[in-house]
Amino acid sequence: MQPLETEPGDTTGSAASPAAGIAIRAVGLTRRYQMGGATIRAVDGISIEIREGEFVALLGASGSGKSTLLNLFAGLDRASSGAVFVLGRELGAMNSMELSRHRNHTIGMVFQSFNLLSRMTVMENVELPLRLGEVPRPERASRVNEALKRVGLTARAGHRPGELSGGEQQRVAIARALVNRPRVLLADEPTGNLDSRTGEEIMGLMTEINRPADGAAATTVVMVTHERSLAERYAQRMVTIADGRVASDEAR
């Protein structure tokens, strides 16, 4: 399946940039792919706003377009038309280097597969975004310790991923996503490879990240899931995606 090129001039200009308090805004967002002779509209004209500090679940069946939408929010994929703004910046107006810098400083990403480097220790895996961001070494150490403490894994800092349980590996992945202190956390099926008890522990951690008990600033969380029960229990808002479009948008 090949992506279709972005249509020139088919993005929304700066006049549509979001108002204060909006973390993510999509305007007529479309992503098309070519599969043989057919055009697949994975995301089909979605317009949505997500406010800073919200915990939003994107629900939908496999192939509904929810993960494609999340990748567009992350700047991991380019829109075919329309526009997406994250904290006031239009992703389509950035080049690859600007997008990479934006992700490294603004967005944390958590995936279903933990994507940890097996040869590195827990501390080294969590430190990696800071090294890529050229953060000075003394500051890197304190930030890694802060992130590991937040997910309850300080004692496992010297272990390698193969020595950890699935739940612990996902906590490392979350610590890595948090180490740059992002304002937006995007999670794609973060409990998909975990048993139900461990999945609930991870969801409790996601809730704490969204609304810290210590009164720290809230982090906007957008989570893709196919489990409605999880969304109903933990998310403040549920957006159902079907055939690349918003089928329903329910605040709770």
Side-chain angles (χ1 to χ4, degrees), residues 1 3 12 16 18-19 21-33 35 38-87 91 107-113 170 174 177 183-194 196 199-200 202-207 209-211 218-252:
M1 185 165 65
T12 303
I22 301 298
I24 299 172
R25 186 186 188 197
V27 183
L29 198 59
T30 300
R31 188 62 171 111
R32 294 183 293 275
Y33 297 91
M35 182 180 288
T39 299
I40 308 299
R41 299 175 75 93
V43 173
D44 191 9
I46 286 180
S47 295
I48 191 171
E49 288 186 348
I50 296 172
R51 299 194 65 82
E52 291 192 56
E54 276 195 295
F55 189 149
V56 177
L58 300 179
L59 290 159
S62 178
S64 62
K66 59 188 186 299
S67 290
T68 301
L69 182 60
L70 198 77
N71 286 339
L72 290 169
F73 289 167
L76 294 173
D77 197 2
R78 293 273 190 177
S80 301
S81 60
V84 58
F85 300 84
V86 176
L87 298 170
L91 301 190
I107 295 172
M109 294 287 297
V110 180
F111 302 93
Q112 179 176 346
S113 53
Q170 190 62 295
I174 292 171
R183 292 171 62 186
V184 177
L185 182 67
L186 304 177
D188 193 354
E189 299 279 6
T191 63
N193 285 337
L194 305 174
S196 57
E200 287 187 8
I202 293 300
M203 289 307 304
L205 177 57
M206 300 278 283
T207 302
I209 291 165
N210 173 241
R211 296 285 180 182
T219 300
T220 305
V221 176
V222 183
M223 176 187 73
V224 162
T225 183
H226 64 275
E227 297 185 61
R228 188 175 182 87
S229 60
L230 276 182
E232 289 176 338
R233 183 169 178 183
Y234 294 100
Q236 301 158 0
R237 180 179 167 197
M238 299 185 299
V239 178
T240 301
I241 308 296
D243 298 322
R245 300 178 180 180
V246 174
S248 65
D249 189 340
E250 311 165 50
R252 302 182 56 251

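All residue numbers refer to positions in the sequence shown, counting from 1.
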So, for [X] and [Y], which heavy atoms are closest and what is the spacing to 0.1 Å?
X	Y	value
P190	M206	CG-CE, 4.3 Å
A177	V110	CB-CG2, 3.8 Å
L29	F73	CD2-CE2, 4.5 Å
V43	G65	CG2-O, 3.9 Å
M203	L230	CG-CD2, 3.8 Å
M238	A231	SD-CB, 3.6 Å

Approximate separation, where rounding is to 0.5 Å, of [X] [atom1] and [Y] [atom2]:
X	Y	atom1	atom2	result
E52	T219	CD	OG1	10.5 Å
I209	T220	CD1	OG1	12.5 Å
I202	L194	CD1	CG	6.0 Å
N210	L205	CG	CG	11.5 Å
T30	L72	OG1	CG	9.5 Å
H226	K66	NE2	NZ	8.0 Å

Taking side chain to side chain donor-acceptor pair (under 3.5 Å) as the definition, give me every residue that meets it alongside R211, ordered by chain and number, with sequence neighbours left out.
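Side chain to side chain donor-acceptor pair (under 3.5 Å) check on R211 returns nothing, list empty.
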Quick one: side chain to side chain donor-acceptor pair (under 3.5 Å) partners of D44, sequence neighbours excluded?
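D44 satisfies side chain to side chain donor-acceptor pair (under 3.5 Å) with R41, R245 only.
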Judged by atom type as modelled, is there a donor-acceptor pair below 3.5 Å linking the side chain of R31 to the main-chain atoms of R78?
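It does hold such a pair.
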Looking only at atom types and distance, does a side-chain atom of T68 sit under 3.5 Å from a main-chain N or O of A42, one as donor and one as acceptor?
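No.
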Stepwise, does the side-chain contact (heavy atoms from CB on, under 4.5 Å) test hold for D188 with Q112?
CA-CA 6 Å; D188 193 354; Q112 179 176 346; 5.9 Å; no
Any side-chain heavy-atom pair from [X] and [Y] closer than 4.5 angstrom?
X	Y	value
L186	I24	yes
M109	L76	yes
T191	Q170	no
L59	T225	yes
T240	R228	yes
E49	F85	no

A quick test of your reading: do over 12 heavy atoms of other residues, nucleotides or ligands sit less than 6.0 Å from CG of D243?
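Result for CG/D243: open.
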Set of residues satisfying side-chain contact (heavy atoms from CB on, under 4.5 Å) with respect to E54, sequence neighbours excluded
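Partners of E54 by the side-chain contact (heavy atoms from CB on, under 4.5 Å) criterion, ordered by chain and then number, come out as I50, R51, V56, Q236, R237.
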Go through V246 and I241 one step at a time and tell me if the side-chain contact (heavy atoms from CB on, under 4.5 Å) criterion holds.
CA-CA 5 Å; V246 174; I241 308 296; 4.0 Å; yes
